[in-house]
Amino acid sequence: MKILILGSGGREHAFAWKLSQSPLCDQLFVAPGNAGTAQVATNLPVAATDFEAVADLLRQHQIDLLIVGPEEPLVKGIVNFLRAKEEFASLRIVGPDQQGAQLEGSKDFSKKFMDRYGIPTAASQTFTTENLEEGISYLAAHSLPIVLKADGLAAGKGVIITEDRTEAQDVLRQMLSGEKFGAAGSKVVIEQFLRGIELSVFVLTDGTNYKILPEAKDYKRIGEGDTGPNTGGMGAVSPVKFATNTFLKKVEEKVVQPTLSGLQQENIHYQGFIFVGLMNVKGEPYVIEYNTRMGDPETEVVLPRIQTDFVELMAATADGELDKVNLNVSPQTAVTTVVVAGGYPDAYEKGHNITELASLEDVTAFHAGTATGQNGHVTTNGGRVLALTALANSLENAVQKSQKAARTVQFDGKYYRKDIGLDLIRYQD
Ligand code: AMP
Ligand code: GLY
């Protein structure tokens, strides 16, 4: 099979790494990719959102299977664009169409969807410029803290949580005026604050059948002890101790099944990943958000635990034959530590040489933001630079190996969190 992956982060390197291990993979391409994907695949210099150029790649390389990594091309409708062309009628695509991608592309859509199908989530109300004044008085009486969410894609930054009603009112005005988050803030969802522990659950569906992939915990904040601003993710662990079988069964029955049957009732033929961001509130799952793709850095701990041939799994998703595949998962623990550029998630520098990559032992170094410099040297090319994943028989060992690798690699301004997984080591029911 000839396979093309769209995207350039750690998630896409993990996909490429996994797919390249399959005997079913004949040729593997990543567009645009990074210095890590170049080690296991051929990079093609095309942006994932340049649909015409992607169509050219599909033709030129006679691609059989397309996997769309990030949300942006999905929300912009790459699947609809390709499906409208007869020449791609038999192309296998992993990724939802534009309607399905609304689960991530519009918080208002996803909240209404959850309400229609009785899926547990925080109570909410949506406001636009039309009912701004109503929103202002709604906030005056809202319980604290208040959660405000820009409706559209905002690169993980569209959520504001505040204890201050006046600040919430200012934020609402700034979002609706377009001052904050531009068009993504033209609708704002205001919702109740959920108190609990977060968990990422991943579902792979072919439109009818589904598999629940290994769950993961993501460390979103920049600082140790979950402090400071949100990032794309500073580390991840899988499996997650508090995700007991009882809890996961509730997730399947109260969230996954009604989500999939809701999609079917709305005639949304969804083939791809659904990433459910959940809050465990006293043992009950509440959906914080849907994403219509895999998580990053969660992919870097989920895929190393999947033992089933990944090409087979992806092809079965696109063929509507997931019921014919067994999902085998390793009982080992995977931990990834993300090494980032100094300054991230604010402004940061690019182009620094990365050294000591070759001396890493016992880890897989997924490249999140790297490029190959002029002299062939691997350089930093993003905020998140590397996701260093260790797989071990215990959480403690996996943490140690991943952290050791994070200490070992070097580049100017390097930063990483030293507490990835420590809360789970300490966790007790
Ligand atoms: P999102 O962009 O929807 O993932 O939100 C970013 C982060 O905000 C989430 O990962 C949570 O940590 C937090 N968050 C979002 N919604 C809520 C909520 N209703 N209650 C508490 N925390 C929330
Ligand atoms: N790690 C969270 C995300 O991929 O959205």
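Predicted model, so just to flag it, every value in this text is computed and none were measured. Sequence positions, counted from 1, serve as the residue numbers for this chain. Side chains included, hydrogens not; waters and symmetry mates left out as well; all remaining heavy atoms used. Ligands are counted one by one from 1 in listed order, and the atoms in each one are counted from 1 as well.
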Between the candidates [options], which shows the shortest non-hydrogen contact distance to [atom]?
atom: atom 10 (O) of ligand 1; options: R221, Q192, E198; answer: E198
atom: atom 20 (N) of ligand 1; options: L194, D226, L153, I288; answer: L194
atom: atom 13 (C) of ligand 1; options: I161, I190, V287; answer: I161
atom: atom 2 (C) of ligand 2; options: N291, N230, D218, V338; answer: D218

Atoms of ligand 2, numbered as shown, that sit under 4.0 Å from any heavy atom of [X]:
X: G232; result: 1 (N), 2 (C)
X: G295; result: 4 (O)
X: R293; result: 3 (C), 4 (O), 5 (O)
X: E298; result: 1 (N), 2 (C), 4 (O)

Just jot down the ligand 1 atoms closer than 4.0 angstrom to any heavy atom of [X], in number order.
X: K107; value: 1 (P), 2 (O), 3 (O)
X: E289; value: 1 (P), 2 (O), 3 (O), 4 (O)
X: E191; value: 16 (N), 17 (C), 18 (C), 19 (N)
X: M279; value: 21 (C), 22 (N)
X: K220; value: 10 (O)
X: F193; value: 20 (N), 21 (C), 22 (N)

* V159, any N or O under 3.5 Å of ligand 1 N or O ->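 The answer is no, given that V159 and ligand 1 share no N or O pair closer than 3.5 Å.
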* Do any N/O atoms on N230 end up under 3.5 angstrom from N/O atoms on ligand 1? ->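 In this structure, N230 places no N or O atom under 3.5 Å from an N or O of ligand 1.
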* **Per-residue contact class, E104 against ligand 2 - non-hydrogen pairs under 4.0 Å** =>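 Under 4.0 Å from ligand 2, E104 contributes no heavy atoms.
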* Asked: What part of R11, side chain, backbone, both or neither, has a heavy atom within less than 4.0 angstrom of ligand 2?
  ->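 No part of R11 is near ligand 2 at this cut-off.
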* Ring geometry between F310 and F273 (parallel below 30°, tilted from 30 to 60°, perpendicular above 60°) ->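 F273 vs F310 ring planes: parallel.
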* Mind checking whether H367 and H13 have parallel, tilted or perpendicular rings, split at 30° and 60°? ->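 Geometry flag for H13 against H367: perpendicular rings.
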* Hey, do the aromatic rings of Y290 and F275 have their centres closer than 6.0 Å? ->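 Not close enough - the centres of the two rings lie 6.0 Å or further apart.
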* Asked: Would Y427 and F242 count as a close aromatic pair, with their ring centres under 6.0 Å?
  ->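 Yes.
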* Could you tell me whether ligand 1 has any atom less than 4.0 Å away from a heavy atom of K149? =>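 Checking ligand 1 against K149, which is what was asked, there is a heavy-atom contact under 4.0 Å.
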* **Sub-4.0 Å heavy-atom approach of D218 to ligand 1** =>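 Per 4.0 Å heavy-atom rule, D218 does not contact ligand 1.
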* Asked: Would the number of heavy atoms belonging to other residues, nucleotides or ligands and lying under 6.0 Å from CZ of F113 be above 12?
  ->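 Yes, the 6.0 Å shell around CZ holds more than 12 heavy atoms from other groups.
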* Asked: What is the minimum heavy-atom distance between L303 and K18, and which atoms define it?
  ->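 For L303 versus K18, the nearest heavy atoms are O-NZ, 3.2 Å.
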* Nearest heavy-atom pair of G320 and N209: which atoms, and what distance? ->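 What the structure gives for the nearest pair is O-ND2, 3.8 Å.
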* Can you tell me if D64 uses its side chain to pair, donor with acceptor, with the backbone of M1 under 3.5 Å? ->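 No; zero donor-acceptor contacts below 3.5 Å.
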Assess, by modelled atom type and distance only, whether the side chains of [X] and [Y] contain a donor and an acceptor separated by less than 3.5 Å.
X: Y210; Y: Q257; answer: yes
X: N43; Y: T37; answer: yes
X: K111; Y: T121; answer: yes

* **Lys NZ or Arg CZ of K112 over F109 ring: under 6.0 Å, within 45°** =>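 Output no; distance or angle outside limits.
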* Please state which part of R195 comes within less than 4.0 Å of ligand 1, counting heavy atoms only: side chain, backbone, both or neither. =>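 The answer is neither; R195 stays 4.0 Å or more away.
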* Salt bridge or not for K187 and D108, using N-O below 4.0 Å? ->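 A salt bridge links K187 with D108.
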* Compute the shortest N/O to N/O distance between G233 and ligand 2 and return yes if it is under 3.5 Å, no if not. =>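 Looking only at distances, the answer is no, because the N/O contact criterion of under 3.5 Å is not met.
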